[in-house]
Amino acid sequence: MTITFTDATADIIKAGGTAVVLVGGDGKLSGSASAANEAMGGALQRALDAKSFKAKHGDTMTFPFPGGMKAERLILAGLGKDKQKATDARVLGGKIGAALGKLDDPGATVFAGDLDASLVAELASGIKLRRYAFTTYKTGKDADKLGKGGVTIAAADEGAATAAFTDTDALAEGTFFTRDLVSEPANVLYPATFAERLEDLSQHGVEVTVMGDAELEKIGMGSLLCVGLGSQHESKVVVMKWNGADDAKAAPFCAVGKGVTFDTGGISIKPAGGMEEMTMDMGGAGVVSGLMKTVALRKAKANVVGIVGLVENMPDGKATRPGDIVTSLSGKTIEVINTDAEGRLVLADLLTYAQREFKPAATVNLATLTGAIIVALGNYNAGLFSNSDELSEQLADAAEAEGEGIWRLPLSKEYDDLIKSSLADMKNVGGRSAGSITAAQFLQRFVNDTPWAHIDIAGVTLMKEAKPLHPKGASGWGVATLNRLVRDNFEPKSTA
Ligand code: BES
Ligand code: MN
Ligand code: ZN
């Protein structure tokens, strides 16, 4: 879907197709809304007077074939009474996008009146985020319509809105990258093809390096590599570097992602029901990839390193067995009790590598790590675990500002004791209780004192229902939060 901007002199009376006009929470019709009202013989004012349309934030009302206008339909969209924040405008855009998505021709002109340029840009990206569709494998007529249609936005300051859209669109494009990766099936997206897609980021100025089995073995990533032994596909670790800070040597922000392109559980095999969903088990790596694309597209003045571990977890004669003991890159040994607890084995080596290689200012890892986090938090909040109150607060603030749910859970010695092993330095599972926490404790064993956070996104990566800012399916949860975290804490404050 394409978005273009035009200036506020665009005439709502002459707009064809669908015309959308914003109405403030005070219910006063001005500008384009008042022009439409006049053409329609006062119909909009009557809808407001009758409280049929209350102009609350996100309310929409459709008038088919409005009299006196060229448009086939007019959609009123309520701004609400409160002063608009960025995410309010984005969510309103999402609701407009949802309304447009139901139409045969989803193209439209949106009359955004005198909304601030930055809010117009948020509104535009909201429409785009909601109208996302993964159509690669749809053939036939329906496919032509899905996610298509151009939207023109009439803004008071067309130039300023277009400029502001560069940043908000960078986030939308990065989020789409994540959603595309998460949606791809595992016969198409396996470690090598995933790595190829990441190599494409070099066209945006990201430095991309790919390491395969031989090199990973030489480095000593015995924990990560043991996960892929049952797969026909070679494992890959991809390092993506964006050097945007004035000081190219400044300690980077480091994002680390679990990229299990398919998870059968391995020898500790999962039941068949729902196993197809495990194509999304690379969701953490997907978010890291989307973040890298976003910071590159908006030319962030920060040094950001993204590291993803791409592995397929399959059962086979060569696969790792329950009871096997592996040596991680850190030198610590791990008794693999359950081969289905593979994500932490991948992340362990990546965390060691990140710290050794980059001495980051902060490290955040993301992973669809445990089913237990869905039991605890459902599909509304990702689980946050951290050794730093400061980083936790920064993440919570960023998530709140972006309208993404996150909730912190505890770490402590008692939980850590649950992963003691009698044969090795630790085991990879801690029993039935506190499953998400013992997984986090396992990761923490590979982190020194540098600020670190682990975000368990198992419940928020693939959504059964649409929300204002995404359709059903891959949400892209986390790209917005991490992008904001970088912008607010690892970049010089913009003077704008
Ligand atoms: N990828 C899964 C976790 C998961 C579950 C992600 C549901 C998304 C939706 C992970 O590798 C896994 O299998 N975890 C096990 C851990 C257990 C063996 C300790 C789980 O949650 O059952
Ligand atoms: Mn698993
Ligand atoms: Zn998994």
Side-chain angles (χ1 to χ4, degrees), residues 178 181-183 186 189-191 194 223-224 226-231 233 235 256-287 308-315 319-324 334-348 350 365-383 385 409 415 418-419 421 426-443 454-464 473-475 477-478:
T178 305
L181 291 166
V182 170
S183 304
L189 197 79
Y190 43 90
F194 197 144
S223 180
L224 180 142
C226 87
V227 175
L229 292 178
S231 171
H233 294 294
S235 301
V256 173
K258 166 184 177 181
V260 174
T261 55
F262 195 67
D263 178 17
T264 63
I267 298 296
S268 313
I269 198 160
K270 286 182 182 300
M275 201 198 269
E276 72 283 356
E277 278 192 7
M278 283 303 127
T279 55
M280 56 76 109
D281 210 17
M282 34 53 67
V287 174
V308 295
L310 310 176
V311 187
E312 188 184 52
N313 187 22
M314 300 287 272
T320 296
R321 293 155 288 251
D324 284 2
I334 304 162
E335 185 186 5
V336 180
I337 300 289
N338 188 322
T339 62
D340 197 10
E342 84 295 345
R344 62 200 76 180
L345 296 172
V346 172
L347 290 169
L350 298 184
N365 75 255
L366 297 107
T368 49
L369 202 64
T370 65
I373 203 70
I374 311 175
V375 176
L377 299 174
N379 304 108
Y380 308 110
N381 282 289
F385 303 83
L409 285 97
Y415 296 112
L418 298 175
I419 53 171
S421 157
M426 69 195 88
K427 53 186 181 179
N428 77 330
V429 291
R432 268 182 63 81
S433 48
S436 301
I437 304 179
T438 50
Q441 294 291 167
F442 181 93
L443 299 180
H454 152 54
I455 308 180
D456 194 335
I457 57 172
V460 293
T461 297
L462 204 61
M463 302 299 282
K464 290 192 177 65
S475 66
W477 189 102

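Bear in mind the structure is a predicted one, so any value in this text is a computation, not a measurement. Starting from 1, each residue takes its place in the sequence as its number. Just so you know, ligand 1 is whichever comes first in the structure, and atom 1 is the first atom listed for that ligand.
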ask   = For atom 21 (O) of ligand 1, is the nearest protein heavy atom closer than 4.0 Å?
value = yes
note = If you compare Val346, Asp281, Val429, Val260 by their heavy atoms, the one closest to atom 19 (C) of ligand 1 turns out to be Val429
key: For Val227, the option from Asn313, Asp263, Thr320 that meets side chain to side chain contact (heavy atoms under 4.5 Å, CB included)   = Asn313
message = Within rounding of 10°, what is the angle whose vertex is the Zn ion (ligand 3) and whose arms end at OD2 of Asp263 and NZ of Lys258?
response = 170°
task = Give the numbers and elements of all ligand 1 atoms closer than 4.0 Å to a heavy atom of Lys258.
result = 1 (N), 10 (C), 11 (O)
Name of whichever N/O/S atom of Asp263 is nearest to the Mn ion (ligand 2) = OD2
request  = Looking at Glu342, pick out the N, O or S atom nearest to the Mn ion (ligand 2) and give its name.
outcome  = OE1
message = With a cutoff of 4.0 Å, is Met282 in contact with ligand 1, counting heavy atoms of the residue only?
response = no
ask   = When you measure from atom 16 (C) of ligand 1 to each heavy atom in Met280, Arg344, Glu342, Lys270, which option holds the nearest one?
value = Arg344
inquiry  = Using 2.8 Å as the threshold, say whether any N, O or S atom from Asp281 sits that close to the Mn ion (ligand 2).
reply    = no
The Zn ion (ligand 3) to nearest N/O/S of Glu342 less than 2.8 Å = yes
The one among Thr339, Leu462, Thr368 that brings a heavy atom closest to atom 6 (C) of ligand 1 = Thr368
